[in-house]
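Chain A is the first sequence line, chain B the second, and so forth, proteins listed ahead of strands; every chain is numbered from 1. Everything quoted here is computed from the prediction, not taken from an experiment.
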There are 2 protein chains.
Amino acid sequence: MAVANAAVKIPLEIPVVEKRVRNRAATEQAILDAAKRLLAEEGFQNFGINAVARGAGCDKQLIYRYYGGLNGLVEAIGTDLGSWVTDRIPDDTGGMFLLTYGDLMERLSMLFLDALRADPLMRRIVAWEVSESSEQVRRLSEARSKALAGWIERMRGSLVPPKGVDAQAVNAMIFAAIQHIVLASAVSDQCAGLALKNGKDWEKAATALKRLVRGVYG
Amino acid sequence: MAVANAAVKIPLEIPVVEKRVRNRAATEQAILDAAKRLLAEEGFQNFGINAVARGAGCDKQLIYRYYGGLNGLVEAIGTDLGSWVTDRIPDDTGGMFLLTYGDLMERLSMLFLDALRADPLMRRIVAWEVSESSEQVRRLSEARSKALAGWIERMRGSLVPPKGVDAQAVNAMIFAAIQHIVLASAVSDQCAGLALKNGKDWEKAATALKRLVRGVYG
DNA sequence: CCAATCTGTCACCGAGTGGTGATTAGCAAG
DNA sequence: CTTGCTAATCACCACTCGGTGACAGATTGG
């Protein structure tokens, strides 16, 4: 070992990559952005220290230093998630007057459906939630559901569900259905035999959803 | 290489472990069983050649030989899945007379809900379906949905959905909701704020589900 | 009895993982 | 210029992964 030909060390590194500046705040942000982007685009399968470091274009050591590892990084994502939700989902009624609880839930369903369809990161997190039971995903899930519950509460106003209907359970079903078909569509363009490719397919789905809501809430 | 000190070869192997019999069929079955068990218990995260080989107590080389690798093994699982579905879900009406399409869908919902709750393997596969888009999971998904569609068709008999309702889309929503709450419950004991721990919780969920079904189909 | 075949085992490969300690590079104050 | 701080990198660790080629022992057919 350690034999001859030790005069290698070819430093052919072409420093085309712009010199990494010495800026902690910017690096932290780059790491966070890379993590979110990676999670949204690749999913939680290949989500790891090395992948994030590669995506951020920095050494993984910095992730340990600045976030205390992957867990801390995920936690930081979760913290962002609150504002994330309220950014993506409109907080007004869209100019409609919501007279009944049924009106409200129909509108909320549509908003949530569209928001989830348009948000890859959120989709990945939901998929993660139903696939793995770890501390990481627990925190993410908590942040997400908290933000969502707050949003619903704000939208609800003074409307109350009809008597004799377990609104909490029914709403859970509706939101579960929305989450599942959006997840399924993102993977296989269909769900339980229902195609979910083009806008026409989604209109059918939305109509069915509204019909379900109207069926229970009138 | 291949130098001196070749007289080692200490055969201190204590053959306590029962001699592995030379039986291809049994080994194949052991591998298949281990794969299904592993998938059901650990999920698709740590599902790999090495893990299956460990679980089956044999060398991974045999998995390559007998199944042509993980893909072939998954395919074999998928083949099993057909009978699997029809084994776990009752094929009769449970002594009820299903007079209307609403009766039918209510009953199917409950059967599917219970079957999914009782079947860890199926749950993992569903979770896999909404999390990853690979050839492996595509085959599994196909086998599952085919078996499911066949079951529904058999149960349907001559009943037809009410006019003016897109039964396919509505049913997709209902089944999506079921799948999602069962997945969520298996991971976090709740879904969208609705607790899903004890039998009482599940009764509430079932009631809400039935209410949704009855709302659209009367 | 020998040779071919089949079952099962072992050792190894390259690549990638999470994680840690030591080191270098840039900047500012003294 | 020297000193000290810190952002950033490098080198390495032990481990796991999927995958392959070679080999040993049993079984079977000629």
Asker: To the nearest Å, how far apart are A:L62 CG and C:dA25 P?
Answerer: 16 Å

Asker: Quick one: side-chain hydrogen bond (donor to acceptor under 3.5 Å, both in side chains) partners of A:K204, sequence neighbours excluded?
Answerer: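 side-chain hydrogen bond (donor to acceptor under 3.5 Å, both in side chains) check on A:K204 returns nothing, list empty.
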
Asker: Which atoms form the tightest heavy-atom contact between B:F44 and A:Q45, and what is the distance?
Answerer: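 B:F44 and A:Q45 have their closest heavy atoms at CE1-NE2, 3.1 Å.
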
Asker: Mind calculating the distance between CZ (A:R24) and C1' (C:dA25) to the nearest angstrom?
Answerer: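 So the two atoms are 17 Å apart, to the nearest Å.
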
Asker: Using every non-hydrogen atom in the two residues, find where A:A30 and A:A56 come nearest and quote the distance to one decimal.
Answerer: O-CB, 3.9 Å

Asker: Just N and O in the side chain of B:T27: are any of them under 4.0 Å from OP1 or OP2 of C:dG8?
Answerer: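 Checking B:T27 against C:dG8: at least one side-chain N or O falls below 4.0 Å of OP1 or OP2.
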
Asker: Could you state the atom-to-atom distance from CD of A:E42 to C1' of C:dG16 in whole Å?
Answerer: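 Nearest whole value for this atom pair: 15 Å.
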
Asker: Checking side chain to side chain donor-acceptor pair (under 3.5 Å) between B:D33 and each of B:K36, B:R37, B:Q29, which is the one that passes?
Answerer: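 So, applying the side chain to side chain donor-acceptor pair (under 3.5 Å) to B:D33 and each of B:K36, B:R37, B:Q29, only B:Q29 qualifies.
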
Asker: In Å and rounded to the nearest 0.5 Å, what is the OG to CG distance from B:S185 to B:D201?
Answerer: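 Answer for the OG-CG pair, B:S185 versus B:D201, is 10.0 Å.
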
Asker: Which letters describe nucleotides 17-22 of chain D, given B = protein heavy atom under 4.0 Å from base, S = only from sugar-phosphate, - = neither?
Answerer: SBBBB-

Asker: Rounded to the nearest 0.5 Å, what separation is found between the CG atom of B:L108 and the CD atom of B:E106?
Answerer: 10.5 Å

Asker: One thing to verify: whether A:E41 and A:R124 come together as a salt bridge, which I'm taking to mean a side-chain N less than 4.0 angstrom from a carboxylate O.
Answerer: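 A:E41 and A:R124: not salt-bridged.
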
Asker: Identify which nucleotide among D:dA7, C:dT9, D:dA26 has an atom closest to any side-chain atom of B:R22, counting heavy atoms from C-beta outward.
Answerer: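 Minimum distance to the B:R22 side chain belongs to D:dA26.
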
Asker: Rounded to 10°, tell me the angle between the two end axes of the helix from C:dC1-D:dG30 to C:dG30-D:dC1, each built from five pairs.
Answerer: 30°

Asker: Is the A:F112 ring parallel, tilted or perpendicular to the A:F175 ring (thresholds 30°, 60°)?
Answerer: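 Ring orientation of A:F112 relative to A:F175: tilted.
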
Asker: Over how many whole Å does the gap from A:I63 atom CD1 to D:dA8 atom P extend?
Answerer: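 In whole Å, D:dA8 P lies 12 Å from A:I63 CD1.
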
